[in-house]
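Note that the coordinates shown come from a computational prediction; the quantities given were computed from them, not determined experimentally.
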Amino acid sequence: MFKQVGQIMVYVNNQEAVRDFWTEKFGFHVVDDVRSGEMRWIEMSPSENAATTIILHDRAFVAKMNPEMNLDTPSLMFFTDNLDQLHADLANKQVKVGDIVAMPTGSKVFNFADNEDNYFAVMEK
């Protein structure tokens with residue numbers, strides 16, 4: 001059986017621009033930046049000791065190698081302790097953010113988009 005989610009692969013058009021989005025707007029750490037021939041991937045995490053990392057792959061390169069592969073952006077949900085503050089910080093950093101929504105469970109969520117208009121969500125938990 002699985003013991004944890006190790007990496008989440010996100011396929012992007014511009015690896016550097018998306019890396020900069022996550023590092024500059026969210027303070028993500030670049031764990032590794034690997035080049036192997038024409039292939040490159042950038043591994044990032046929200047903290048130095050995070051159990052799960054995000055891997056940025058070049059969408060065009062992966063599509064060329066595996067044309068049948070689904071390269072859509074996964075639906076990711078991030079957790080935060082202070083949703084209102086994060087929402088305000090992201091808006092101040094010119095990140096496209098949605099409204100804060102109260103869920104029936106009592107939690108609050110909002111969505112945001114990266115610089116390639118991939119949408120993600122944040123929940124206060």
Side-chain angles (χ1 to χ4, degrees):
M1 285 289 152
F2 303 122
K3 68 177 189 173
Q4 75 180 47
V5 175
Q7 299 174 330
I8 299 166
M9 293 180 278
V10 178
Y11 305 99
V12 299
N13 298 316
N14 184 327
Q15 290 170 294
E16 290 83 11
V18 175
R19 175 205 58 211
D20 293 348
F21 173 84
W22 288 99
T23 58
E24 294 170 9
K25 308 291 185 185
F26 290 93
F28 269 52
H29 302 272
V30 174
V31 175
D32 212 352
D33 188 334
V34 178
R35 295 172 194 263
S36 178
E38 292 181 47
M39 183 180 245
R40 178 184 185 198
W41 63 91
I42 301 171
E43 182 176 10
M44 306 176 309
S45 66
S47 65
E48 290 183 29
N49 59 350
T52 304
T53 59
I54 294 175
I55 308 291
L56 302 177
H57 283 285
D58 181 88
R59 179 178 277 126
F61 181 79
V62 174
K64 186 171 89 174
M65 288 184 50
N66 191 350
E68 291 87 36
M69 189 167 171
N70 181 348
L71 301 177
D72 293 342
T73 303
S75 181
L76 302 179
M77 172 73 78
F78 295 93
F79 295 148
T80 186
D81 292 329
N82 191 335
L83 191 97
D84 296 311
Q85 183 64 51
L86 178 59
H87 188 271
D89 289 347
L90 293 178
N92 287 335
K93 292 178 180 178
Q94 306 305 309
V95 174
K96 188 185 306 184
V97 294
D99 294 334
I100 295 175
V101 176
M103 301 299 287
T105 59
S107 7
K108 297 185 292 185
V109 300
F110 71 87
N111 64 15
F112 66 92
D114 70 10
N115 52 330
E116 293 190 359
D117 281 335
N118 296 307
Y119 278 84
F120 305 98
V122 180
M123 177 184 285
E124 190 166 68
K125 187 171 181 178

Quick check for you: to the nearest 0.5 Å, what is the distance between [X] atom [atom1] and [Y] atom [atom2]?
{"X": "Asp33", "Y": "Leu56", "atom1": "CG", "atom2": "CG", "result": "9.5 Å"}
{"X": "Ile42", "Y": "Trp22", "atom1": "CD1", "atom2": "CH2", "result": "13.5 Å"}
{"X": "Asp58", "Y": "Asn13", "atom1": "CG", "atom2": "CG", "result": "8.0 Å"}
{"X": "Ser45", "Y": "Ile55", "atom1": "OG", "atom2": "CD1", "result": "9.5 Å"}
{"X": "Phe112", "Y": "Asn118", "atom1": "CZ", "atom2": "CG", "result": "10.0 Å"}
{"X": "Gln15", "Y": "His57", "atom1": "CD", "atom2": "NE2", "result": "8.5 Å"}

Tell me if a side-chain donor or acceptor on [X] pairs with a main-chain N or O of [Y] at a distance below 3.5 Å.
{"X": "Asn92", "Y": "Ala88", "value": "yes"}
{"X": "Asp32", "Y": "Val34", "value": "no"}
{"X": "Thr53", "Y": "Glu43", "value": "no"}
{"X": "Lys108", "Y": "Glu124", "value": "no"}
{"X": "Lys25", "Y": "Lys93", "value": "yes"}
{"X": "His87", "Y": "Asn82", "value": "no"}
{"X": "Asp114", "Y": "Phe21", "value": "no"}

Kindly give the heavy-atom pair with the smallest separation between [X] and [Y], and that separation in Å.
{"X": "Phe110", "Y": "Asp99", "value": "CB-O, 3.5 Å"}
{"X": "Asn14", "Y": "Glu116", "value": "N-OE2, 2.8 Å"}
{"X": "Thr52", "Y": "Val5", "value": "OG1-O, 2.6 Å"}
{"X": "Arg59", "Y": "Tyr11", "value": "NH2-O, 2.6 Å"}
{"X": "Leu71", "Y": "Ala63", "value": "CD1-CB, 3.6 Å"}

For Asn111, the side chain to side chain contact (heavy atoms under 4.5 Å, CB included) test, sequence neighbours excluded, returns Tyr119

Passing option when Leu86 is tested against Leu83, Asp84, Leu90 for side chain to side chain contact (heavy atoms under 4.5 Å, CB included): Leu90

Evaluate side-chain contact (heavy atoms from CB on, under 4.5 Å) for Thr80 paired with Gln85, printing each intermediate quantity in order. CA-CA 10 Å; Thr80 186; Gln85 183 64 51; over 6 Å; no

Show, in sequence, the C-alpha distance, side-chain angles and deciding distance for Phe78 and Leu76, and conclude whether the side-chain contact (heavy atoms from CB on, under 4.5 Å) test is met. CA-CA 6 Å; Phe78 295 93; Leu76 302 179; 4.1 Å; yes

Check whether more than 12 heavy atoms from other residues, nucleotides or ligands sit under 6.0 Å from atom CE of Met9, and answer yes or no. no

is_close_aromatic(Phe26, Phe120), centroid dist under 6.0 Å: no

Check whether any side-chain heavy atom of Glu38 lies under 4.5 Å from a side-chain heavy atom of Lys64, and answer yes or no. yes

Are [Y] and [X] co-members of a hydrophobic cluster defined by side-chain heavy atoms under 4.5 Å apart?
{"X": "Phe28", "Y": "Val95", "value": "yes"}
{"X": "Val97", "Y": "Phe79", "value": "no"}
{"X": "Val18", "Y": "Val10", "value": "yes"}

Going by the rule side chain to side chain donor-acceptor pair (under 3.5 Å), which residues pair with Arg19 if we only count those two or more places apart in sequence or in a different chain? none

